[in-house]
Novice: 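Take a look at the following structure, please.
Computed from heavy atoms alone, side chains included, the values below leave out hydrogens, waters and symmetry copies.
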Amino acid sequence: VQLQASGGGLVQAGGSLRLVCKFSGRAITGYGIGWFRQAPGKEREFVSAISWNGRTTYQGDSVKGRFTISRDNPKNTVYLQMNSLKPEDTAVYYCAADSGDRYSGQGLSFRAVYGYWGQGTLVTVSS
C-alpha cells in the first residue's frame, strides 16, 4: 500500500485549497483514511478522517466547519477541501490509511490505528 498526498501550496488567509490523497497497491475499499498535520516544532495533529465505507467522517476541533473530507473509491482517492484557511493551518499535511479493521468515528482520530502513511504536502497560509 502506498499513499501520495498532493495539492499543498501557498494561499492567503481566508482562501481555499483541496488536498488529494492517492491510494495505490490495493483497492481503497475497506480502508479508513485520515489526514494529519504537523507544524514546525509541534506534534502531529489529527485533522479529519473518513470511514472505510464513506458513511462517517470525523473532524478535529480546530477545523470543524471549515474542512470537509470525501472519498472517491473508484478513483482510489480521498480529498480534503480546506476553506477559510488561517495562518495557524500552516503545516505539512499527511494522509494515512488504517489497518483495514473498519474503524469509524472518533476511532479514526488516533494515530495508532493507521498502518500506512504517505509523504506530506506543505500548506502555507499567509496573513
Novice: Hydrophobic clusters here meaning ILVMFWY residues chained together by side-chain heavy-atom distances under 4.5 Å, can you tell me if Tyr93 and Leu17 are in one?
Specialist: yes
Novice: For the side chain of Thr121 and the backbone of Ser6, is there at least one donor-acceptor N/O pair under 3.5 Å apart?
Specialist: no
Novice: Kindly compute the distance separating CD (Gln106) from OG (Ser104), expressed to the nearest 0.5 Å.
Specialist: 10.5 Å
Novice: Would the distance check show the side chain of Asn76 and the main-chain N or O of Cys21 forming a donor-acceptor pair, the cut-off being under 3.5 Å?
Specialist: no
Novice: Quick one, Val123 and Met82 - any side-chain contact, counting heavy atoms below 4.5 Å?
Specialist: yes
Novice: Within this structure, what is the CG-CG distance for the pair Leu10 and Leu122, rounded to the nearest 0.5 Å?
Specialist: 9.0 Å
Novice: If you group Ile, Leu, Val, Met, Phe, Trp and Tyr by side-chain heavy-atom gaps below 4.5 Å, do Val113 and Phe46 land in one group?
Specialist: yes
Novice: Between Asn83 and Phe67, is there a side-chain heavy-atom distance shorter than 4.5 Å?
Specialist: no
Novice: Ring of Trp117, cation from Arg44 - is the NZ or CZ under 6.0 Å from the centre and inside 45° of the axis?
Specialist: yes
Novice: Within a 6.0 Å radius of atom CD on Gln2, are there more than 12 heavy atoms belonging to other residues, nucleotides or ligands?
Specialist: no
Novice: Verify the cluster assignment for Leu80 and Tyr58: are they in a single hydrophobic cluster under the rule of side-chain heavy atoms below 4.5 Å apart?
Specialist: no
Novice: Using 0.5 Å steps for rounding, measure from the OG atom of Ser62 to the NZ atom of Lys64.
Specialist: 10.0 Å
Novice: Give the intermediate values and the outcome of side chain to side chain donor-acceptor pair (under 3.5 Å) for residues Gln59 and Ser48.
Specialist: CA-CA 4 Å; Gln59 322 295 330; Ser48 184; 2.6 Å; yes
Novice: When rounded to the nearest 0.5 angstrom, what distance separates CD1 in Ile33 from OG in Ser70?
Specialist: 12.0 Å
Novice: How far apart are the closest heavy atoms of Cys95 and Ala5, and which atoms are they?
Specialist: SG-CB, 4.0 Å
Novice: Between Ala91 and Arg37, which heavy-atom pair has the shortest distance, and what is it?
Specialist: CB-CB, 3.8 Å
Novice: Check whether any side-chain N or O of Glu45 sits under 3.5 Å from a backbone N or O of Gln38 as a donor-acceptor pair, and report yes or no.
Specialist: no
Novice: Would you check if the side chain of Arg71 reaches a backbone N or O of Ser51 as a donor-acceptor pair within less than 3.5 Å?
Specialist: yes
Novice: For the aromatic rings, using the six-membered ring if either is Trp, is the centroid distance between Phe36 and Tyr94 under 6.0 Å?
Specialist: no
Novice: State, yes or no, whether a side-chain contact exists between Ser16 and Gln81 at a heavy-atom distance under 4.5 Å.
Specialist: yes
Novice: What I want to check is whether the side chains of Arg18 and Tyr79 have a donor and an acceptor closer together than 3.5 Å.
Specialist: no
Novice: Please check: side-chain N/O of Asn53 versus main-chain N/O of Arg55, any donor-acceptor pairing under 3.5 Å?
Specialist: yes
Novice: Do Arg66 and Asp89 come within less than 4.5 Å of each other through their side chains, counting heavy atoms only?
Specialist: yes
Novice: Determine whether Val78 and Ile28 make a side-chain contact, defined as any pair of heavy atoms from C-beta on separated by less than 4.5 Å.
Specialist: yes
Novice: Is the gap between the ring centers of Tyr31 and Phe23 under 6.0 Å?
Specialist: yes
Novice: Assigning hydrophobic clusters by single linkage (Ile, Leu, Val, Met, Phe, Trp, Tyr; side-chain heavy-atom cutoff under 4.5 Å), is Val92 placed with Val20?
Specialist: no
Novice: For the hydrophobic clusters of this structure (ILVMFWY residues joined by side-chain heavy atoms under 4.5 Å, transitively), does one cluster hold both Trp35 and Val1?
Specialist: yes
Novice: With no hydrogens and no angle check, is any side-chain donor or acceptor of Tyr114 less than 3.5 Å from a backbone partner on Leu108?
Specialist: yes
